[in-house]
Amino acid sequence: MVKNRESNFELMRIISMLLIVLFHVLSYSGYLAKATGFMLYFLLLIKSITLMHVNSFILLSGYFQNNSKMKLSKMVSLNNETWFYKSLIAIIFLIFNLYQTIPTKTEILQNLLPIDFGIYWFIGAYIVLYLISPILNKSIKHFSKKEHKSIIIIIIFILSFLCLITVDTFYNNNFGRSLSTFVLLYFIGAYMNKYPIEKNKYVKQMTIKRKKAYCLSTILICSIIGSTIGLISLKISGISSILDYISRMLCYFSTSYSSPIVLIQSIAYFIFFKTIKINSQFINKVASCVFGVYLIHENKYVREILYNKIGLTTIKTINIKSILYLLIVVIIIFIICIIIEFIRKIIFNFFYNLNISSKIRKKISQFVEKKLSLTW
């Protein structure tokens with residue numbers, strides 16, 4: 001959804017994907033259930049820091065895409081990449097009998113068809129966001145600054161406060177894992193593009209170092225607040241029905257992507273990378289492969305065997321040594337997935353550049369534009 005961006009934002013995408021891998025490895029390793037005392041709080045702090053990972057991708061989309069036209073080819077490319085990995089992994093697991101849980105015929109069929117079927121929750125929401133982006137962009141274009149700010153505040157009130165108080169029963173926001181939160185983040189990203197914070201009279205007076213310090217401090221403070229609230233949520237859970245409800249509220253506040261502290265943290269993270277000036281072809285190439293990292297390591301069937309095979313789930317004592325091992329695993333998973341995706345891109349580009357492929361794409365594009373009258 002984003003094009004022609006500088007390497008500072010590409011670097012942000014790389015780090016965000018690293019945080020996603022760290023979040024998933026931490027979640028599926030069982031470390032949090034085994035940790036106690038300081039180690040538990042330390043892991044909760046790490047988890048809180050990682051929570052800005054998904055939001056950063058959507059903020060980027062809103063920041064850049066609000067001034068761009070929707071291209072069907074980009075949506076098709078992302079869908080095809082998703083289709084490739086889920087079908088390939090399903091076939092490999094089927095041939096070598098690697099399944100931990102035997103899939104039904106329906107599940108196998110869903111993996112082979114070019115539709116996500118909720119296998120990757122992010123991809124479905126992301127594609128729908130892209131499809132409706134022309135409508136969002138038309139609204140954003142005609143918003144006054146006050147109207148733009150008001151719609152953001154209204155959506156935050158619903159997703160952050162009403163959903164918090166009712167623990168997602170007022171409106172099923174699924175802890176921020178929803179199209180509604182993506183639309184909110186899209187509006188916020190577009191707002192930061194239309195009304196750059198650098199033009200604020202107070203921000204203008206700051207040095208680059210001070211801006212970076214404020215952003216990093218904000219991220220750390222939000223993470224500390226989130227991890228502390230998360231720890232309280234764990235401690236009061238199971239004592240009584242009232243405390244259980246409060247515990248769920250605190251859990252929502254500390255872990256939802258639409259939580260006020262996670263939103264603030266995500267915006268500070270985004271602004272931090274705006275202060276960086278960097279231009280690197282290597283960073284750009286690595287960043288172009290990050291979606292592949294998500295599609296490989298977060299595949300349901302890969303997940304079922306990955307964490308057992310690398311021994312994370314069998315670790316009983318959580319200490320500095322086991323945490324260092326977890327971090328090494330995160331880096332290795334990231335690098336391996338980047339290499340796999342890089343190879344896939346080379347193969348796909350070869351076939352993409354063939355004359356027959358170009359002719360087929362042109363005919364399909366003409367057919368779609370004629371039949372569906374895509375006039376965005």
Side-chain angles (χ1 to χ4, degrees), residues 1-28 46 49-65 68 71 73-86 88-89 116 119-127 129-130 177 182 185-186 189 257 265-266 269-270 272-274 276 278-300 302-303 306 327-349 352:
M1 291 175 66
V2 185
K3 66 179 182 178
N4 299 330
R5 75 167 83 94
E6 297 175 358
S7 296
N8 56 330
F9 289 118
E10 298 297 282
L11 179 61
M12 183 176 117
R13 293 180 72 209
I14 293 171
I15 294 176
S16 295
M17 187 53 69
L18 264 170
L19 293 177
I20 286 175
V21 178
L22 176 55
F23 176 83
H24 289 151
V25 174
L26 184 59
S27 299
Y28 299 120
I46 291 176
I49 291 172
T50 67
L51 285 175
M52 56 196 176
H53 57 318
V54 168
N55 290 5
S56 64
F57 281 99
I58 311 305
L59 286 174
L60 271 175
S61 296
Y63 187 83
F64 287 98
Q65 183 62 29
S68 303
K71 290 186 178 180
S73 59
K74 288 189 176 183
M75 185 200 70
V76 171
S77 177
L78 177 59
N79 187 73
N80 286 347
E81 184 179 354
T82 306
W83 181 22
F84 171 80
Y85 278 117
K86 73 186 183 73
L88 178 64
I89 291 170
D116 183 51
I119 295 169
Y120 301 101
W121 74 266
F122 177 85
I123 298 298
Y126 193 78
I127 288 176
L129 178 69
Y130 187 58
R177 293 161 178 81
F182 280 22
L185 291 164
Y186 192 92
Y257 293 144
Q265 182 186 34
S266 304
Y269 178 69
F270 183 88
F272 173 80
F273 280 95
K274 285 192 73 176
I276 297 175
I278 184 172
N279 195 354
S280 167
Q281 288 300 314
F282 176 75
I283 288 175
N284 294 346
K285 285 184 178 180
V286 174
S288 69
C289 298
V290 294
F291 267 126
V293 176
Y294 171 71
L295 294 171
I296 298 168
H297 90 278
E298 185 56 7
N299 181 275
K300 174 185 175 182
V302 172
R303 214 168 53 212
L306 177 62
L327 295 175
I328 291 171
V329 166
V330 167
I331 294 170
I332 292 173
I333 289 173
F334 182 83
I335 292 173
I336 291 174
C337 292
I338 285 289
I339 293 171
I340 294 171
E341 171 61 6
F342 185 72
I343 294 171
R344 183 202 69 82
K345 287 174 75 70
I346 291 174
I347 295 171
F348 271 47
N349 285 337
Y352 184 87

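Keep in mind that this is a model prediction, so the values were computed, not measured.
For the side chain to side chain contact (heavy atoms under 4.5 Å, CB included) test with Ile333, the passing option among Val302, Leu306, Ile328, Leu18 is Leu306; the others fail. When each of Phe9, Tyr186, Phe270 is paired with Phe64, the ring pair (Phe, Tyr, Trp, His ring centres under 6.0 Å) condition holds for Phe9 and for no other.
When atom types are taken as modelled, the side chain of Tyr85 and the backbone of Gly292 share no donor-acceptor pair closer than 3.5 angstrom.
Closest heavy-atom contact between Ile338 and Cys289: CD1-CB, 3.8 Å. Across Lys86 and Asn299, no two heavy atoms sit closer than the pair CA-ND2, 4.0 Å. Considering every non-hydrogen atom in both Ile283 and Ser7, the closest pair reads CG2-O, 3.8 Å. The two residues Leu19 and Thr50 come nearest to each other via the heavy atoms O-CB, 3.7 Å. When all heavy atoms of Leu59 and Ser266 are compared, the closest pair comes out as CD1-O, 3.7 Å. Heavy-atom minimum distance, His53 versus Ser16: CB-O, 3.4 Å.
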Let's go through Tyr126 and Ile58 carefully: what are the C-alpha distance in whole Å and the side-chain angles of both, what is the deciding distance for side-chain contact (heavy atoms from CB on, under 4.5 Å) to 0.1 Å, and is it a yes or a no? CA-CA 8 Å; Tyr126 193 78; Ile58 311 305; 3.6 Å; yes

Test log, rule side-chain contact (heavy atoms from CB on, under 4.5 Å), inputs Arg303 and Glu298: CA-CA 6 Å; Arg303 214 168 53 212; Glu298 185 56 7; 2.9 Å; yes

Test log, rule side chain to side chain donor-acceptor pair (under 3.5 Å), inputs Glu341 and Tyr294: CA-CA 10 Å; Glu341 171 61 6; Tyr294 171 71; over 6 Å; no

Given the rule in the side-chain contact (heavy atoms from CB on, under 4.5 Å) test, do Ile346 and Asn349 qualify, once you have shown the distances and angles that lead to the verdict? CA-CA 5 Å; Ile346 291 174; Asn349 285 337; 5.9 Å; no

Candidate pair Phe334 and Ile14, rule side-chain contact (heavy atoms from CB on, under 4.5 Å), full reasoning: CA-CA 10 Å; Phe334 182 83; Ile14 293 171; 3.8 Å; yes

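Between the CZ atom of Phe57 and the CG atom of Leu129 there is a distance of 14.0 Å, given to the nearest 0.5 Å. The structure places CZ of Phe291 at 13.5 Å from CD1 of Ile296, a figure rounded to the nearest 0.5 Å. Distance check, rounded to the nearest 0.5 Å: CD of Glu81 to CD1 of Ile123 gives 7.5 Å. Asn80 contributes atom CG, which lies 9.0 Å from atom CE of Met75 (distance to the nearest 0.5 angstrom). Distance check, rounded to the nearest 0.5 Å: CD1 of Ile89 to CD1 of Ile119 gives 10.0 Å. To the nearest 0.5 Å, atom SG of residue Cys337 and atom CD1 of residue Ile332 are 11.5 Å apart.
At a threshold of 4.5 Å between non-hydrogen side-chain atoms, the residues Leu11 and Val286 do not count as touching. No side-chain heavy atom of Val76 sits less than 4.5 Å from a side-chain heavy atom of Asn79. When side chains are defined from C-beta on, Phe273 counts as touching Ile276, because their heavy atoms get closer than 4.5 Å. Taking 4.5 Å as the limit, every side-chain heavy atom of Phe272 sits out of range of all side-chain heavy atoms of Met12. At a threshold of 4.5 Å between non-hydrogen side-chain atoms, the residues Met17 and Ile20 count as touching. Contact annotation: the side chain of Tyr130 never approaches that of Leu78 to less than 4.5 Å [non-hydrogen atoms, C-beta and beyond].
Within a 6.0 Å radius of CZ in Phe348, more than 12 heavy atoms belonging to other residues, nucleotides or ligands are found.
Side-chain rings of Phe122 and Phe182 approach one another, their centers coming within less than 6.0 Å.
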